[in-house]
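Below you'll find the structure, written out as structure tokens, and then a few comments.
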2 protein chains.
Amino acid sequence: MISDPNSERRSERARRAILDAAFDLVNRKGFAKLTIEAIAAQAGVGKPTIYRWWRSKGAVVLEAMREELGDDFAFPDTGDIAADLTTQITAVSQRLVTGRISEAYKGVIGEAQNDPALMKAFRETVLEPSIAECRARLESAVAAGQLRSDVPTDVMVDLFYAPIHYRHFLGFGDDAVRRSAELVRDVLLGLRPRPDAA
Amino acid sequence: MISDPNSERRSERARRAILDAAFDLVNRKGFAKLTIEAIAAQAGVGKPTIYRWWRSKGAVVLEAMREELGDDFAFPDTGDIAADLTTQITAVSQRLVTGRISEAYKGVIGEAQNDPALMKAFRETVLEPSIAECRARLESAVAAGQLRSDVPTDVMVDLFYAPIHYRHFLGFGDDAVRRSAELVRDVLLGLRPRPDAA
DNA sequence: CTCGCGTGACGTTACGTTTCGTTTTGACAA
DNA sequence: TTGTCAAAACGAAACGTAACGTCACGCGAG
């Protein structure tokens, strides 16, 4: 590990080339066959430059994915919670399974299983912003009386996000996308307010 | 890759030693730091013997985990679906997060992201038997009028299994176990039959 | 002048395979 | 049931290869 580089003198050109090369390579070769040496070669950069600024290839790919993703995690709010959830959950599922970041996403989470710092970074920069947007939308639906109020919204979030990730990581493939609308419909069957006390 | 060994002449002694060493090492070192060479050394076995019978360390660990797990995926059936689900989902969550197979489970699924054959084997030998048991129990509950009949039971299974895996893979740790009973309770709020047509 | 940069080389680790005796095993004969 | 024998799996060792993460060097930009 190289100690304490001065980030003010950092080369933006090298940084961009590294992230671009990493993102291109992870999609063409897959995360497992991605190497720091290949990133350096394609980026026209020295290996020490990569090791100077990132702890692992997982960290590089996370940052590349993070930039590809942008910082717009906004949830639509048309007033119709069923429509908004169907739109967004399907979109997220599609982005995970068939989208540009699919390989990077799987790879980072796989590596993060053995790298707590990487897991922390992934959750803070990718997962939690997305969860927060979803929960905010669900809370507004609860306030509008469109969803029951006796199930915590963070559990509701899990009911939508967990199946998407579960199906993605466990290799259900396109099936996960196809069934995402059905998932939203079925979960909403249970999350609608009910007049009686069952 | 070595071609077509005769499984009738296979050494059970070597097989046992390899699986035991793999399972011990994956728990002590973690899956990422597990190597075929270390397995061979600890098992007192030559590397070619491992490569002769398994395609990768993931395949070795899967088989070791599979044997540790046994083939009893039975779901309790006391007639009370809430109690049975709470018991079993909590148990499965605990086994995943803090149990003996935790490291092996995470490692195999991580490697399976880049190894379709391993993913297929994992699903067929571990995941699907467990899902089948869960779904059978849910179907009997539907038949008994304890659960609504307008949500497919395979979606119901996902509502319980997906959050467990999702929380495990995304590093929620012990929190996943602590909240599993709450999860069952909240999901059941929505899966109970409702008298009205909302 | 400083310090990040690219280059190239370093020792190390693990890969997956090959070679080579040794030992086990199933098949067959008595 | 028991003995023998060839085939094949075995353990050990060594191989070339790939990528690791680090270091030393000289260049060039701030």
Side-chain angles (χ1 to χ4, degrees), chain A residues 1-22 24-26 28-63 107-108 110-112 114-115 117-118, chain B residues 1-22 24-26 28-63 107-108 110-112 114-115 117-118:
Chain A
M1 207 63 54
I2 293 154
S3 54
D4 203 27
N6 182 347
S7 58
E8 292 185 1
R9 303 186 61 150
R10 181 173 186 179
S11 162
E12 174 61 20
R13 188 203 112 266
R15 178 178 167 279
R16 251 290 42 93
I18 290 165
L19 294 179
D20 290 346
D24 175 62
L25 285 168
V26 78
R28 290 198 294 111
K29 310 278 187 177
F31 187 88
K33 293 183 179 174
L34 178 68
T35 67
I36 297 275
E37 301 210 331
I39 296 173
Q42 175 160 332
V45 144
K47 280 196 293 173
T49 303
I50 298 181
Y51 285 110
R52 184 176 296 116
W53 301 107
W54 289 278
R55 298 176 53 260
S56 65
K57 72 172 179 176
V60 179
V61 173
L62 171 60
E63 189 167 332
V108 167
E111 177 151 315
N114 294 286
D115 182 344
L118 182 62
Chain B
M1 203 64 56
I2 295 155
S3 56
D4 203 25
N6 181 346
S7 57
E8 291 185 1
R9 301 181 60 111
R10 182 172 185 182
S11 163
E12 173 61 22
R13 187 203 117 265
R15 179 177 165 279
R16 254 281 54 86
I18 290 166
L19 294 179
D20 289 346
D24 175 61
L25 285 168
V26 79
R28 290 200 293 112
K29 311 279 187 176
F31 187 88
K33 293 184 180 173
L34 178 68
T35 67
I36 298 276
E37 301 210 330
I39 296 172
Q42 175 160 331
V45 145
K47 281 197 292 176
T49 302
I50 298 181
Y51 286 108
R52 184 177 296 117
W53 302 107
W54 289 278
R55 297 177 54 260
S56 66
K57 71 173 180 175
V60 179
V61 173
L62 171 61
E63 189 167 332
V108 167
E111 178 152 312
N114 294 287
D115 183 343
L118 182 63

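Applying the salt bridge (Lys or Arg N to Asp or Glu O under 4.0 Å) test to Lys57(B) and every residue at least two apart in sequence or in another chain returns nothing.
Listed pair Thr49(A) / dG6(C) meets the phosphate criterion, a side-chain N or O lying under 4.0 Å from OP1 or OP2. Between dC10(D) and Arg52(B), a contact under 4.0 Å exists linking OP1 or OP2 to a side-chain N or O. Between Arg10(A) and dG30(D) there is no side-chain polar atom (N or O) within less than 4.0 angstrom of OP1 or OP2. OP1 or OP2 of dG21(D) has not a single side-chain nitrogen or oxygen of Trp54(A) nearer than 4.0 Å. In terms of phosphate contacts, Arg15(A) brings no side-chain nitrogen or oxygen within less than 4.0 Å of OP1 or OP2 of dC5(C).
Taking atom CG of residue Asn6(B) and atom C1' of nucleotide dA8(D), one finds them 8 Å apart after rounding to whole Å. Glu12(A) places its CD atom 13 Å from the P atom of dG30(D), with the value rounded to the nearest Å. Between the CG atom of Leu34(B) and the C1' atom of dC15(C) there is a distance of 14 Å, rounded to whole Å. Distance Arg13(B) CZ to dC10(D) P: 9 Å, rounded to the nearest Å. Going from atom CD of Gln42(B) over to atom C1' of dG11(D) covers 17 Å, rounded to whole Å. Glu8(A) has its CD atom 14 Å from the P atom of dG30(D), to the nearest Å. What separates OH of Tyr51(A) from P of dT7(C) is a distance of 16 Å, to the nearest Å. Rounded to whole angstrom, the span from the NZ atom of Lys33(B) across to the P atom of dC20(D) amounts to 16 Å.
Of the listed nucleotides (dA9(D), dA19(D), dG8(C)), dG8(C) has the atom at the smallest distance from the side chain of Pro48(A). Side-chain atoms of Ala14(B) lie closest to dG11(D) of the nucleotides dG11(D), dC15(C), dC5(C). The listed nucleotides are dA9(D), dA14(D), dC5(C); the one nearest the side chain of Lys47(B) is dA14(D).
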Q.
Working note: Glu111(B) + Val61(B), criterion side-chain contact (heavy atoms from CB on, under 4.5 Å); need CA distance, chi angles, decisive distance, verdict.
A. CA-CA 11 Å; Glu111(B) 178 152 312; Val61(B) 173; over 6 Å; no
Q. Is there a side-chain contact (heavy atoms from CB on, under 4.5 Å) between Trp54(B) and Ile18(B) once you walk through the steps?
A. CA-CA 11 Å; Trp54(B) 289 278; Ile18(B) 290 166; 3.7 Å; yes
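Between Arg9(B) and Ala43(B), the residue anchored nearer the 5' end of DNA chain D, judged by the nucleotide with its closest heavy atom, is Arg9(B). In this structure, Glu37(A) and Trp53(A) both approach DNA chain C, and ranking their closest nucleotides by distance from the 5' end singles out Trp53(A).
Residue pairs meeting the salt bridge (Lys or Arg N to Asp or Glu O under 4.0 Å) criterion with at least one partner in residues 30-47 of chain B, sequence neighbours excluded, are Glu37(B)-Lys47(B).
Tested against Ile39(A) for a side chain to side chain contact (heavy atoms under 4.5 Å, CB included), the candidates Leu25(A), Val26(A), Leu19(A) yield a single pass: Leu25(A).
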